[in-house]
**Student:** 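Sending over a structure as structure tokens; questions will come in a sec.
The sequence lines fix the lettering, A, B, ..., with proteins before strands; numbering per chain opens at 1.
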There are 2 protein chains.
Amino acid sequence: MESTTPTLSRKAQIDQTATALFRQRGYAATSMRELAAALGIEAGSIYSHIRSKEELLHRICFRVADEFMAGLRTATVDDLAPAAVHLRRAIDSHVRVLIRDTDASAVFLHEWRHLSEPALSEFVQLQRGYEAAFRDMIARGVADGALRTPDPAFATLTLFASLTWLPNWYRPDGKLNPDQIAERLTDQLLGGLATGDHLPT
Amino acid sequence: MESTTPTLSRKAQIDQTATALFRQRGYAATSMRELAAALGIEAGSIYSHIRSKEELLHRICFRVADEFMAGLRTATVDDLAPAAVHLRRAIDSHVRVLIRDTDASAVFLHEWRHLSEPALSEFVQLQRGYEAAFRDMIARGVADGALRTPDPAFATLTLFASLTWLPNWYRPDGKLNPDQIAERLTDQLLGGLATGDHLPT
DNA sequence: TTAATTTGCTAACGAACGTTAGGAACCAGT
DNA sequence: ACTGGTTCCTAACGTTCGTTAGCAAATTAA
């Protein structure tokens, strides 16, 4: 009954520490010797667990990407629901992923460009598809009158801007929970959701 | 070869090329040899014009910071105008700086953390003051009823998020000019302004 | 007990890094 | 003709980089 077992494998510890360092100092500016020091071991020892520095970045970026994609899929499985509902669910899911692991999210958002081919192209493609899905939901929501904004394309940009900025300010002990953040975003950027009254103008 | 006279001094060329590279690949991932190659010279030659790599980053960051601060000062010199007008002018100025040099702005926004002390602290302090000024303008605009938002603090975050995101999508040949971008931002994030406000250029 | 796996070390590799020294060509103004 | 500034070169410096090889201790599985 070891209640204090190391719940994280060494490899997972490396991933976690690397994530924090990559976020704090940037991927390119983080050396393997720094990472090793943060783990309390020597640089060479890391290579008993991973193949390369970039493998660390790759795993972080694509794991977070998977989480975003899975959330989007879950939010939009029921084709019957109106676009605005899909969008609200998708934003909520996105915010929850961001909040669950702000470090990994920040790395995902800012350090992916240091991936090399072919991973880089694969990543960009995932990203493009994800953004396109949001653009579509917003466009359809505006088209059917549930969302109100003078410029759907601009609203999409603003939404992604706000989502990307979130890891910069979010603190777990803040006053807003994930659901409230998602609500604020939807309200502020898209005139809220249809609550019975939907009237352009 | 030189059909056009070099309107830019060599030092200015280095600054410009470094700005583009720092933006594209990141400060830490850009080597002096890369920079030299982009300029068509050898790495050592750069040091006839600058003292260090960080000096390049320092100059870029603080030059853009100066432009932002100057714009804010100009936008708010007339103490009589309502806060909402100050804000609208400040946003407009900010957008114009971002657009005038998107490369330098992107470096300013994303690479400043690679500054070392004491420049780093100085930079962060400038940044804090700048953001506080916007927070105040928004708060006062909401207080006097000119701006409408359910959560002024959140609106401030969203505004900065959108401003920070701008260099990521802005293209000079796009359909929105600076003034329209500033207008969209104010409208979308802050319920617009009282009508009839005209901007100094 | 034995075998395999996990984990870590020391020492070093070749490559790339930022930077410097010292010299040479060019150009401007005197 | 001389001077001072600008520009760039080659060659190298000491350092740090990501990574590997080879070995050893500890832990786990059989």
**Student:** How would nucleotides 14-19 of chain C be written as a contact map, 5' to 3', with B for base contact, S for sugar-phosphate-only contact and - for no contact, using protein heavy atoms under 4.0 Å?
**Tutor:** ---BBB
**Student:** Just to verify, which of A/Asp78, A/Thr74, A/Thr76 counts as forming a side chain to side chain donor-acceptor pair (under 3.5 Å) with A/Arg89?
**Tutor:**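 With A/Arg89 as partner, side chain to side chain donor-acceptor pair (under 3.5 Å) holds for just one option, A/Asp78.
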**Student:** Distances for protein N/O vs nucleotides 3-8 of chain C N/O pairs under 3.5 angstrom?
**Tutor:**
from	atom 1	to	atom 2	distance (Å)
C/dT7	OP2	A/His49	ND1	3.4
C/dG8	OP1	A/Arg10	NE	2.9
C/dG8	OP1	A/Arg10	NH2	2.9
C/dG8	OP2	A/Arg10	NE	2.9
C/dG8	OP2	A/His49	NE2	3.4
C/dG8	N7	A/Ser48	OG	3.1

**Student:** Among all residues two or more places apart in sequence or in another chain, which pass the side chain to side chain contact (heavy atoms under 4.5 Å, CB included) test with A/Ala153?
**Tutor:**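 Side chain to side chain contact (heavy atoms under 4.5 Å, CB included) list for A/Ala153, sorted by chain: A/Asp151.
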**Student:** Students should find this one: the first and last nucleotides of DNA chain D, 5' to 3', lying under 4.0 Å from a heavy atom of chain B. What are they?
**Tutor:**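 First-to-last contact on DNA chain D, by the 4.0 Å heavy-atom rule, is D/dT7 to D/dA12.
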**Student:** Do any pairs count as a side-chain hydrogen bond (donor to acceptor under 3.5 Å, both in side chains) and have a residue in residues 154-172 of chain A, sequence neighbours left out, and if so which ones?
**Tutor:**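 Qualifying pairs: A/Thr158-B/Gln188.
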**Student:** When rounded to the nearest 0.5 angstrom, what is the spacing between OH in A/Tyr27 and CG in A/Leu21?
**Tutor:**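 Rounded to the nearest 0.5 Å, the OH-CG separation comes to 13.0 Å.
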**Student:** Restricting to pairs with a member in residues 35-53 of chain A, which pass side-chain hydrogen bond (donor to acceptor under 3.5 Å, both in side chains), not counting sequence neighbours?
**Tutor:**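 Listed by first then second residue: A/Arg51-A/Glu55.
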**Student:** Using the side-chain hydrogen bond (donor to acceptor under 3.5 Å, both in side chains) criterion, which residues pair with B/Glu183? Sequence neighbours excluded.
**Tutor:**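 Expected list: none.
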**Student:** Sequence neighbours excluded, which residues qualify as side chain to side chain contact (heavy atoms under 4.5 Å, CB included) partners of A/Asp179?
**Tutor:**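 Partners of A/Asp179 under the side chain to side chain contact (heavy atoms under 4.5 Å, CB included) test: A/Arg88, A/Asp92, A/Arg96, A/Asn177.
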**Student:** Would you please name every residue forming a side-chain hydrogen bond (donor to acceptor under 3.5 Å, both in side chains) with A/His58, sequence neighbours left out?
**Tutor:**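 side-chain hydrogen bond (donor to acceptor under 3.5 Å, both in side chains) list for A/His58, sorted by chain: empty.
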**Student:** Would you please name every residue forming a side-chain hydrogen bond (donor to acceptor under 3.5 Å, both in side chains) with A/Thr19, sequence neighbours left out?
**Tutor:**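 With neighbours one apart ignored, the set is empty.
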**Student:** Might you list the N or O atoms of the protein lying below 3.5 Å from N or O atoms in nucleotides 25-29 of chain C, with each pair's distance?
**Tutor:**
none

**Student:** Under 3.5 Å, side chain of B/Glu117 to main-chain N/O of B/Ser121, donor-acceptor pair present?
**Tutor:**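 Yes, B/Glu117 side chain to B/Ser121 backbone: donor-acceptor pair under 3.5 Å.
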**Student:** Assess whether a salt bridge exists between A/Glu34 and A/Arg25, defined as any Lys/Arg side-chain N lying under 4.0 Å from an Asp/Glu carboxylate O.
**Tutor:**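 Result for this pair is yes, salt bridge flagged.
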**Student:** With a cut-off of 3.5 Å and sequence neighbours excluded, list every side-chain donor-acceptor pair involving residues 129-139 of chain B.
**Tutor:**
from	atom 1	to	atom 2	distance (Å)
B/Tyr130	OH	B/His94	ND1	2.6

